[in-house]
K.L.:
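First the structure, then my questions, so here it is.
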Protein chains: 2
Amino acid sequence: MKIQQLRYVREAARRKCNLTAVAQALHTSQPGVSRQIRELEDELGIEIFERAGKRLIGLTPPGVSVLPIIERLLHEVENLKRAGADFAAQGKGVLTIAATHSQARYALPPAVRDFSAMHPDVTLRMHQGSPRQIAEMLMEGSADIGIATEALSNFPELVALPCYQWTHTVIVRPDHPLAVECRDGVALTLQRLIQFPIITYEPGYTGRSHIDAALAFDRVSANIVLEAMDADVIKTYVELGLGVGIVAAIAFDARRDTELLAIDARHLFATNLTRLAVRRGSFLRTYVYDFIETFAPTLDRAMVDLAMATRP
Amino acid sequence: MKIQQLRYVREAARRKCNLTAVAQALHTSQPGVSRQIRELEDELGIEIFERAGKRLIGLTPPGVSVLPIIERLLHEVENLKRAGADFAAQGKGVLTIAATHSQARYALPPAVRDFSAMHPDVTLRMHQGSPRQIAEMLMEGSADIGIATEALSNFPELVALPCYQWTHTVIVRPDHPLAVECRDGVALTLQRLIQFPIITYEPGYTGRSHIDAALAFDRVSANIVLEAMDADVIKTYVELGLGVGIVAAIAFDARRDTELLAIDARHLFATNLTRLAVRRGSFLRTYVYDFIETFAPTLDRAMVDLAMATRP
DNA sequence: AGAACTTACGATGTACGTAACGATT
DNA sequence: AATCGTTACGTACATCGTAAGTTCT
């Protein structure tokens, strides 16, 4: 049994049993792949792939039960390499963070700045995507850390750790009726809010689920005229007078956003919890822990390790 | 990176870094071991073993952090082979059970008989040992299933599943004062019991802890004249008149043990729970599940899988 | 002096790539 | 006809065992 044979099998399973594609992806010859897979099957005494004549068309029952073991095994191989690299080039390395726009734009900058100062030899790579995409990246190993407010705790393969809580805020132009009422000390209500066109996040992003939940709870519906993935876009259209915005409070900067006024809305929508996720069972290089501690001071290495060892 | 290199490393760690011993254990030459370990270290870019001149004297810090990954990886290799064997030779195979004498002698026979009838091609191997030894066997992979009343749930590497409950019984010769009192309907008390010399299990065996706990709770001490690993020995000496015995109720057979009388003692000692354990993370061949279900009908495959996936 | 690891070297094996073949759509 | 997997074959490299070398105890 060779590790490479296992790689071929895994890749074949991922590429719908197309051995030619496997060979290209792994930079080797197609006959080699074919042969090695056969030899592994011989050694294990089972057929992993269902063959229709000369074509692979799927996994056999033994293949189905063996594949997860192969995946775990190769995952440990990855861990071993990472653990080696961690000691070999102490300090140096790459840290890949996958985050939503909101996080990358508003929550991460201080942590990134401090981390860079602490680890000048670590190359930071920042990927943006939907919470769903972030989860995918973590699971396939192309990101070390994922940060998002939604969805991350829904995957058994991931460990999601609470980082910080935040609330929504309503933003309007200074000449908007709500701005006037706010200055007059009138408390904002959901009923009043939905009388205006709303601009906020797309479903699945940045606490949108809590906005929808609040509306559903009151059995009212809002006129959402524009949905965007990030607060910058939302702010732009609020400034244009298209409607009132609902964004994460963290996304409003009184000094910069001089054309806007923020009205606290924490009493209208449930508090949001931003989570940081890593892949369960992955070896984390020391600087990964450092970043986590920098970003979320409430977390430390022991807590992360504990969470990773605990099954959901 | 080759699997065999990892085997060498693991074995070296187990054999106190004696590469000569490693080579003998794995049936290869000593220079080969030396070389392969070095090549792995080169590839990972770390030194795994601390070297004093030409001698290996221990693990380096990187070695310490890398070794558990190697162990897990090799464990998955084992799983892969077992999974293969499970399908390759459906039905055929070996099932190794490690149990205490009490279990092997009294609890297991019906399950073994039924299992053998169900799987005539599975060779059953029965090992006896102390609960502690049973745990060791499971953890090193030399037994598939461990069965004991004590200790099995103390190891995070093992999954212990409750099988059945049982109580202790007091055994005496028919002419013993306690036998007379029993026939007269006098209820047995701990105070009365300890007025006689006691013969029972060794510490660490078959519910002995509950006997000690009952004595400690009442702040009394018994005159234990003989301790044995199994009920057969205890019964023999009770028959000889050396004292009264305390054994598992299951170990008394009214038809066979005609020279003895059993007095129910479930009100004196806490109920015991016999557990079945498997190594966490091991692939279990289908007949292993079958045996578990045969032995403990309250368990089934889904429950075992669930328990294995749940962290303590 | 002996035990233990490393280096050196030669033989066997094995993986890999190219090329030709066979089967399926 | 084209795509895809298997078979055949030769080369190159790696593993392994024997033997000699070196460094500690």
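The analysis underlying the following values was restricted to heavy atoms, covering all of them including side chains, and did not include hydrogens, waters or symmetry mates. Here is how names work: the chains are called A, B, and so on, in the same order as the sequence lines, proteins then strands, and each is numbered from 1.
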K.L.:
Round to the nearest Å and state the distance from K16(A) atom NZ to dT3(D) atom C1'.
P.N.:
16 Å
K.L.:
Please work out which of the three classes, parallel, tilted or perpendicular, describes the rings of H119(B) and F115(B), given edges at 30° and 60°.
P.N.:
tilted
K.L.:
Please report the distance, rounded to the nearest Å, between CD1 in I37(B) and P in dT15(D).
P.N.:
14 Å
K.L.:
Should I57(A) and R51(A) count as side-chain neighbours, where that means a heavy-atom distance under 4.5 Å?
P.N.:
no
K.L.:
Check the distance between dT15(D)'s C1' and K2(B)'s NZ and give it to me in whole angstrom.
P.N.:
8 Å
K.L.:
Is K2(B) salt-bridged to E43(B), cutoff N-O under 4.0 Å?
P.N.:
no
K.L.:
With nearest nucleotide decided by heavy atoms, which residue, K54(A) or S29(A), maps closer to the 5′ end of DNA chain C?
P.N.:
S29(A)
K.L.:
Tell me, with the steps shown, if R7(A) and E11(A) meet salt bridge (Lys or Arg N to Asp or Glu O under 4.0 Å).
P.N.:
CA-CA 6 Å; R7(A) 286 212 188 87; E11(A) 202 63 28; over 6 Å; no
K.L.:
With nearest nucleotide decided by heavy atoms, which residue, R55(B) or S34(A), maps closer to the 5′ end of DNA chain D?
P.N.:
S34(A)
K.L.:
To the nearest Å, how far apart are D42(B) CG and dA14(D) C1'?
P.N.:
15 Å
K.L.:
Would you please say whether a donor-acceptor pair under 3.5 Å links the side chains of S282(A) and H75(A)?
P.N.:
yes
K.L.:
How long is the line joining CD of Q36(B) and C1' of dC16(D), in whole Å?
P.N.:
9 Å
K.L.:
Does N18(A) make a side-chain N or O approach to OP1 or OP2 of dT3(D) shorter than 4.0 Å?
P.N.:
no
K.L.:
Under 4.0 Å between any heavy atoms, over every strand shown, what does E39(A) touch: base, sugar-phosphate, or nothing? Just pick one.
P.N.:
sugar-phosphate
K.L.:
Which part of the nucleic acid does T20(B) contact within heavy-atom distance under 4.0 Å: base, sugar-phosphate only, or nothing?
P.N.:
sugar-phosphate
K.L.:
If we count only N and O atoms by modelled type, under 3.5 Å, do the side chains of S102(A) and D230(A) hold a donor and an acceptor together?
P.N.:
no
K.L.:
What does R35(B) touch in the nucleic acid at a heavy-atom separation under 4.0 angstrom: a base, only the sugar-phosphate, or nothing?
P.N.:
nothing
K.L.:
Write down the atom of I134(A), the atom of A98(A), and the distance for their closest heavy-atom approach.
P.N.:
CG2-O, 3.7 Å
K.L.:
Indicate, with a heavy-atom threshold strictly under 4.0 Å, whether Q30(A) touches base, sugar-phosphate, or nothing.
P.N.:
base
K.L.:
Does anyone know the first and last nucleotide of DNA chain C in reach of chain B, 5' to 3', at under 4.0 angstrom to a heavy atom?
P.N.:
dA3(C) to dT7(C)
K.L.:
Kindly point out which of dT7(D), dC16(D), dG5(D) is positioned nearest to the side chain of P31(A)?
P.N.:
dT7(D)
K.L.:
dC16(D) P sits how many Å from L26(B) CG, rounded?
P.N.:
11 Å
K.L.:
Hey, which of these two, Q4(B) or A52(B), hits DNA chain D nearer its 5' end, going by closest nucleotide?
P.N.:
Q4(B)
K.L.:
Give a yes/no verdict on a cation-pi contact between R301(B) and Y289(B), requiring under 6.0 Å between NZ or CZ and the six-membered ring centre and an angle within 45° of the axis.
P.N.:
yes
K.L.:
Need the bend value for the helix from dA1(C)-dT25(D) to dT25(C)-dA1(D): angle between end axes, 5 pairs each end, nearest 10°.
P.N.:
30°
K.L.:
Output yes when a side-chain donor or acceptor of R285(B) lies under 3.5 Å from a complementary backbone atom of A85(B), and no otherwise.
P.N.:
yes
K.L.:
Looking at R279(B), R280(B), R72(B), which one forms a salt bridge (Lys or Arg N to Asp or Glu O under 4.0 Å) with E157(B)?
P.N.:
R279(B)
K.L.:
Roughly, in whole Å, what's the span from CD1 in I3(A) to P in dA14(D)?
P.N.:
16 Å
K.L.:
Taking OH from Y8(B) and C1' from dA14(D), how many angstroms apart are they, rounded to a whole number?
P.N.:
13 Å
